[in-house]
Number of protein chains: 2
Amino acid sequence: MSNTFQIHIHQTHHAIGDFDSIFAYLKTNFGADRATPPLPGLHIFPELFLTGYPLQDLCLQRPFIERYLKFVSQLNQWCKNDFHPGHKDRIAILVGGLQYTFDAQNYPAKIENGLFSLTPGKPLTHLYSKMLLPNYDIFDEKKYFSAGEAVASFTFAEKNIGLMICEDMWPSTMHPCNPVSDLQQLMQKQKRPFDLIVNLSASPYNVGKLNQRLERAKEISHTLQAPFFYCNRVGGEDEILFDGGSFAVDGNKVLGLASQFSSDLLSLPLEKKGQYHPPKEKTVNTWESLFEPRLKTNGPIALLREFGPIDCEEVVKGLCFGLQEYAQKTGHRKFLVAISGGIDSALVAVLAKLSLAPGQVLESIFMPSQFTSSLSYTLASNLAKALEIKMTTLPIKFLHSTVRNAYLDACKEELTGLSDENIQSRLRGALLYAKSNSGGFLVINTSNKSELAVGYSTLYGDSVGAISLLGDLYKTEVYQLSHYINQKYGPLIPEETIDRPPTAELRKGQKDADSLPPYERLDPILEGILSYRLSPSDLMKLGLPQEEIERTYRLYLNSEFKRKQFGPILKLKPKSFGFGYRVPICKKML
Amino acid sequence: MSNTFQIHIHQTHHAIGDFDSIFAYLKTNFGADRATPPLPGLHIFPELFLTGYPLQDLCLQRPFIERYLKFVSQLNQWCKNDFHPGHKDRIAILVGGLQYTFDAQNYPAKIENGLFSLTPGKPLTHLYSKMLLPNYDIFDEKKYFSAGEAVASFTFAEKNIGLMICEDMWPSTMHPCNPVSDLQQLMQKQKRPFDLIVNLSASPYNVGKLNQRLERAKEISHTLQAPFFYCNRVGGEDEILFDGGSFAVDGNKVLGLASQFSSDLLSLPLEKKGQYHPPKEKTVNTWESLFEPRLKTNGPIALLREFGPIDCEEVVKGLCFGLQEYAQKTGHRKFLVAISGGIDSALVAVLAKLSLAPGQVLESIFMPSQFTSSLSYTLASNLAKALEIKMTTLPIKFLHSTVRNAYLDACKEELTGLSDENIQSRLRGALLYAKSNSGGFLVINTSNKSELAVGYSTLYGDSVGAISLLGDLYKTEVYQLSHYINQKYGPLIPEETIDRPPTAELRKGQKDADSLPPYERLDPILEGILSYRLSPSDLMKLGLPQEEIERTYRLYLNSEFKRKQFGPILKLKPKSFGFGYRVPICKKML
């Protein structure tokens, strides 16, 4: 074992409120039962390690509070009596947890997102509270938490440790203070440099986020003239993915990087090279520049960056992880996908297959109607064969005509047009869920972001599902990912599925292109509206066709009601449909 | 016309972003085209009158911002050139609107919820910004707005007017400052009493809220020793109802009260009686005491207060209003309710009928299965007769058996148990929407809060619908409301519908009581969990049976995924399912 001071980054993975498993992790790593002494040094854990994140309303509910307080009291007891005696004075643990202040009626009067030390023999000690509370997009921290008022440092083994929690590293014009410059001032006041900075995080994933975090950490390391140790949470919480990817940097140097989308333990010696060159200009980030893509050019292509292979691999890993997280946390071991011979359902089936853990089952169901081409049948069954999954064929042709007859009898009118298209989709939804109910399958939704954005789906029909894998991917990205997958994993998705013109097959000869602008223009228009918040006139200035912009914008405005009833969408982008997208249905925008 | 100073409370009703209609209102009331001069005096309008509320993400989107800025510029032009010349110097208008500050890239850097004056000949002048930004439950104001930093007064016609916006009147331990005491200090500093206080509001409705507002306004009138004029918005915005009910109070005296759930204009002379007795103790409200019901007794009955006739009348008005708002704003003139012979669907049909405007249509559809009793048919058709609405009978018996056969053929297994129950509900959902698509009907959901809380409904089945009327009413409240309606409006709901034991009729002899605790205990247990956030052990201390509490709590925890995909629920209570209820699906709570 090294004699240098070690830092252990515990990139942990526990469900929200799973106090037993959180406690068990600590016991395994530090308990008296261990055969060997725990690793000496500084152990750091994620933000809100003791509870999980995001808790939303749970942190206000007494059943949750009672269980948390009981856990903390057991933890204190354990720390006193059952901590392993080895290296006792050479171990300190920093964890994130909630700091409650109660009123006279025992209701929470104040809740802080806190940083605590846990040292052998001593109870949990509150050292610091998060100063910057993110409250944009999916974040609601100002709804629940009170902000800490001052930065803090912690001394252990003669090391001066600067403390941060997640957002504290992203001061911006949106925030009331700047913990990075406050720490700089603290250092000057204490007349003592920092030996290291720690940041305990629960930072949600999006494509490319890891790099953003590394770059920002390097800046802070330069500014505070110390190595920066970053511990991030791992977990899929409904739509939000925490990807881990913990790291340490010193100046421009990356000292270590933990895995993405799985728990990890990264142990590193403390090395301070001292090669810092504090930035001349202070970067003041704005909310916009940090968390939104920004227009960099005047060309429409720049609206939607193409995924490179690294992005694709990350997205595949993220989606597989998110699906498994949802399934395991809701107690499912069986997955069901309705496949149509089209690309969306094929990609979903492949992703589900790639995610499977031993003992899990994936099945598919194909539900042809009178409008389903024989090509669709061939492609669906080829997909099922390539994936080695069961495909149940459940034709809806006769059901559809039975419904039409029943409807005609009862309502004295034919089902035609949109009603007749939608009923097919809804019969499929009902049958899919019959199989789900019957066999305990988790139904995976197959809609993509382009469809969701323009409402090109049937509510309670193809929009059904417990969780959506593609709801944050535009159709053009679905193609990019499909090509990548076939290159990397072999020809899982039939080439003709990729090549054929997209169709819902709800009427004779129907093509997506009959109703929607071509995806290569639709998707940039949508990204402009959704992520860049551009107006139709902004988009026209970028050279996109007026008619297509206006049609798309109208479809987008009129489909809000469908998105409100959509299931959780695994979040891959800074701006996604779901919890962080808050737009009223009722409004006048044209 | 009176020579005394008049205050005109414009309780307006415009859709979010409907700048044309907002502008038209101002032109009608103050334009040069008027035959008579506008009313002299002080005109007050609701919070964010110029935009509508709540805007959510809209206030960050350029299409919205562009339209708003254009409107403001037209308004300023109009003010200069087209204001009616009569009583010119004796008119001032106070309105709520957005105050944007833009960054170099023309993105909003700061948005304030502002109060503006509009005086003939002068452009819109920003006087004050809301200091207390509500950010609990349905409120997300800290996500979008920056808080004002100081109180302000406005002088017009030698009157000293104290300014407030909505939440400013509810300082609490949750807020960083107290605008009421700040105004008191301002008065002392200015050595000049206030002649009146105005509060521009967009205050969401819940049962009994009007009284809470009046009581609080009286306190403030005493504290600031001036009459208090309160102008509230009218409108249904998805799930949120703004009920108006504007008023003026002076000390303990109510000077005037505007209508609830409709636009109104309340003109009152300024009278200052001077009978103030400032409260000896300063009430510091907490978030909990203001916005949650609190336990007052140790008996379980107190958990759920029974609706009195005044509450019932208010709820009926609120629900009719909310339904019409949603329908009109989404462009519907036809309503559709699936009636079953049960009480929930009967109450929904009655409420829809009571809400109808001239030229609108309400229809019902009855979809019996093999398990539907003849009593259900009789009661459904009696209801339709009593309401004079068309009832289409669309039996699902044959469809159901066709589906069962198709499923058996394809899946080589029978549909049984829950799968067989759910498929009936989902076939009904599909047929209901076939009719909706075919005739352009708005489908009204019929689930109640008790069902929603325990997941006693079928996702994509009886849970479908564009808008939910009963989703914030427990089953026991559905009964209270039904009795009230039959007393007030005649026997619309068949007595046997009220008296029969509740059943979903999805299998032979099924009763709600087979799966759920009796509603008279289920509902208080649920209210304890949802509104008071009690733990099972708290509920046991209140004398409720342990087995029923634990079963209910487990059902509640396990049904979060259904609530996530539910449509908008008209909000009637401080704590409702919907936008303000934020609970993760994935969590470990047992």
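So you know, we letter chains A, B, ... as the sequences are listed, proteins then strands, and number each from 1. Given the structure is predicted, the values throughout are model-derived calculations rather than measurements.
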For chain B, find which of [options] contributes the most heavy-atom pairs closer than 4.5 angstrom.
{"options": "A:Asp420, A:Asp140, A:Thr393, A:Leu427", "result": "A:Asp140"}
{"options": "A:Ile423, A:Thr416, A:Asp409, A:Asn558", "result": "A:Ile423"}
{"options": "A:Thr392, A:Asp18, A:Asp238", "result": "A:Asp238"}
{"options": "A:Leu399, A:Leu431, A:Asp20", "result": "A:Leu399"}
{"options": "A:Val464, A:Leu415, A:Val403", "result": "A:Val464"}

Kindly give the heavy-atom pair with the smallest separation between [X] and [Y], and that separation in Å.
{"X": "B:Pro584", "Y": "A:Pro54", "result": "CG-O, 3.9 Å"}
{"X": "A:Val583", "Y": "B:Gln56", "result": "N-OE1, 3.3 Å"}
{"X": "A:Ala434", "Y": "B:Tyr407", "result": "O-OH, 3.7 Å"}
{"X": "A:Asn437", "Y": "B:Leu418", "result": "OD1-O, 4.4 Å"}
{"X": "A:Ser535", "Y": "B:Pro63", "result": "CA-CG, 3.6 Å"}
{"X": "A:Arg426", "Y": "B:Ala430", "result": "CB-CB, 3.8 Å"}

Donor-acceptor under 3.5 Å (B:Lys329 side chain, A:Lys587 main chain):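 Side chain of B:Lys329 to backbone of A:Lys587, a donor-acceptor pair under 3.5 Å: no, none is there.
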Need one label for [X]: side chain, backbone, both or neither, based on atoms under 4.5 Å from any heavy atom in chain A.
{"X": "B:Thr458", "value": "neither"}
{"X": "B:Gln328", "value": "neither"}
{"X": "B:Ile240", "value": "neither"}
{"X": "B:Ile585", "value": "both"}
{"X": "B:Ser438", "value": "both"}
{"X": "B:Arg582", "value": "both"}
{"X": "B:Glu66", "value": "side chain"}
{"X": "B:Pro134", "value": "neither"}

Greatest number of heavy atom pairs closer than 4.5 Å to chain A - which of [options]:
{"options": "B:Ile396, B:Leu55, B:Ile365, B:Asp538", "answer": "B:Asp538"}
{"options": "B:Phe64, B:Tyr326, B:Tyr581", "answer": "B:Tyr326"}
{"options": "B:Gly465, B:Ser463, B:Ala466", "answer": "B:Gly465"}
{"options": "B:Gly17, B:Gly417, B:Pro568, B:Ser425", "answer": "B:Gly17"}

Go through the atoms of [X] and report whether side chain, backbone, both or neither lie under 4.5 Å from a heavy atom of chain B.
{"X": "A:Ile529", "value": "neither"}
{"X": "A:Phe19", "value": "neither"}
{"X": "A:Tyr433", "value": "both"}
{"X": "A:Glu239", "value": "neither"}
{"X": "A:Ser146", "value": "neither"}
{"X": "A:Lys435", "value": "both"}
{"X": "A:Thr330", "value": "side chain"}
{"X": "A:Leu394", "value": "both"}

Could you grab the distance from atom [atom1] of [X] to atom [atom2] of [Y], nearest 0.5 Å is fine?
{"X": "B:Tyr136", "Y": "A:Leu60", "atom1": "OH", "atom2": "CG", "result": "13.5 Å"}
{"X": "A:Leu459", "Y": "B:Gln565", "atom1": "CG", "atom2": "CD", "result": "9.5 Å"}
{"X": "B:Leu590", "Y": "A:Arg67", "atom1": "CG", "atom2": "CZ", "result": "7.0 Å"}
{"X": "B:Glu141", "Y": "A:Lys143", "atom1": "CD", "atom2": "NZ", "result": "10.0 Å"}
{"X": "B:Asp57", "Y": "A:Asp137", "atom1": "CG", "atom2": "CG", "result": "7.5 Å"}

Between B:Arg533 and A:Ile65, is a side-chain contact (heavy atoms from CB on, under 4.5 Å) present by the stated rule, with each step listed? CA-CA 10 Å; B:Arg533 301 178 187 143; A:Ile65 297 170; over 6 Å; no
Look at the aromatic rings of A:Tyr460 and B:Tyr460 and report parallel, tilted or perpendicular, splitting at 30° and 60°.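 Tilted: the ring planes of A:Tyr460 and B:Tyr460 meet at 30° to 60°.
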